[in-house]
Amino acid sequence: MKVNDLIIFNFEEVRRRSIKVWKAIPDQMLNWKPDEDALTCAEMIRHLLESEFLYHQILIGRGSKALSNLTNPFETKDFTTVDDEIAFAQPYREEFLKYIKSSSINDLENVVIDRSDVGYVRTLGDMFLRIAYHESIHTGQMLDYMRTMGIDRPKIWD
């Protein structure tokens, strides 16, 4: 198995588990949040889907500056349902996965992504892992939200 295949597999498994969690949240609880400073469930789902799009732009542009004149398709879209949100993000996800597949081993090790504006500069390979980790962390938060709400949590460790 090639390195790119492993990276793609990880992204697909993270997303598969995230979707299990997202779809287990009752519609009437999507606007719930544990406190005033937290994101609602719907906001966190949007944050993850939008972040993947934004991270992709950062990778293409080799740094955070790629966001300065970007048109963000998520900014003008209202959250309606989990399924609608996933469907809306799917074309952007496919482009992101295509980008991963097209990256060479040399790219993973030597392309530098400058995010010094937020405190780091990393290689492309490192960034791929960070992006998947970001979603995993928020999926864990969502499971905690569900525990706090007193609703059943899906089994994601299949």
Side-chain angles (χ1 to χ4, degrees), residues 1-25 33-35 37-77 79 82 85-147 153-158:
M1 186 177 262
K2 294 192 276 183
V3 172
N4 298 54
D5 295 333
L6 288 170
I7 293 170
I8 294 287
F9 178 74
N10 186 50
F11 271 100
E12 288 175 342
E13 280 299 295
V14 168
R15 181 57 53 86
R16 181 180 68 81
R17 288 179 168 103
S18 293
I19 288 172
K20 281 179 100 167
V21 171
W22 301 343
K23 288 186 173 195
I25 300 167
K33 60 183 179 177
D35 61 62
D37 296 326
L39 296 175
T40 66
C41 296
E43 289 169 338
M44 196 174 308
I45 293 165
R46 166 61 63 86
H47 167 71
L48 287 169
L49 295 171
E50 180 180 24
S51 291
E52 187 173 83
F53 168 78
L54 295 173
Y55 275 128
H56 184 200
Q57 303 312 305
I58 289 168
L59 299 180
I60 291 168
R62 305 291 191 254
S64 299
K65 290 180 183 174
L67 300 179
S68 60
N69 293 313
L70 178 69
T71 300
N72 180 347
F74 290 87
E75 284 180 347
T76 57
K77 184 186 178 305
F79 187 102
V82 172
E85 204 65 17
I86 293 165
F88 179 79
Q90 189 59 32
Y92 304 109
R93 179 160 181 87
E94 288 171 12
E95 285 300 311
F96 179 58
L97 296 177
K98 191 185 313 179
Y99 177 80
I100 295 169
K101 288 176 188 173
S102 71
S103 300
S104 70
I105 295 291
N106 186 55
D107 292 340
L108 297 176
E109 296 173 353
N110 297 305
V111 168
V112 175
I113 309 300
D114 184 352
R115 303 237 36 228
S116 53
D117 60 309
V118 293
Y120 61 90
V121 176
R122 298 288 188 262
T123 64
L124 181 61
D126 182 298
M127 287 299 298
F128 285 148
L129 297 177
R130 285 171 181 266
I131 295 165
Y133 183 70
H134 173 250
E135 184 167 327
S136 297
I137 290 297
H138 282 304
T139 298
Q141 280 184 295
M142 203 70 96
L143 288 166
D144 184 52
Y145 276 27
M146 295 170 81
R147 178 186 299 268
R153 296 174 310 281
K155 293 183 183 352
I156 61 168
W157 300 112
D158 51 8

Hey, is Glu52 close enough to Arg15 for a salt bridge, meaning N to O under 4.0 Å? yes
So the ring-ring contact (aromatic ring centres under 6.0 Å, His included) pairs with at least one residue in residues 112-143 (sequence neighbours excluded) are His47-His134, His47-His138, Tyr55-His134, His134-His138
Closest approach of Leu143 to Ile156 (non-hydrogen atoms, all atoms of both residues): CD1-CD1, 3.7 Å
Whether Arg16 and Glu13 form a salt bridge (side-chain N of Lys/Arg under 4.0 Å from carboxylate O of Asp/Glu) is what I want to check. yes
Might you confirm whether atom CZ of Arg147 has over 12 heavy atoms from other residues, nucleotides or ligands at distances under 6.0 Å? no
ring-ring contact (aromatic ring centres under 6.0 Å, His included) with Tyr92: which residues, sequence neighbours excluded? Phe53, Phe74, Phe88
Indicate yes or no: does Asp114 engage Lys65 in a salt bridge with an N to O separation below 4.0 Å. no
Taking C-beta and beyond as the side chain, do Trp157 and Arg17 meet within less than 4.5 Å on heavy atoms? yes
Heavy-atom pair of closest approach, residues Met142 and Cys41: CE-O, 3.4 Å
In terms of heavy-atom contacts, does CG of Asp35 have more than 12 from other residues, nucleotides or ligands at under 6.0 Å? yes
In terms of side-chain geometry, is the basic nitrogen of Arg46 or Glu43 positioned less than 4.0 Å from the acidic oxygen of its partner? no
Which atom pair, heavy atoms only, marks the closest approach of Leu70 to Leu54? CD2-CD2, 3.6 Å
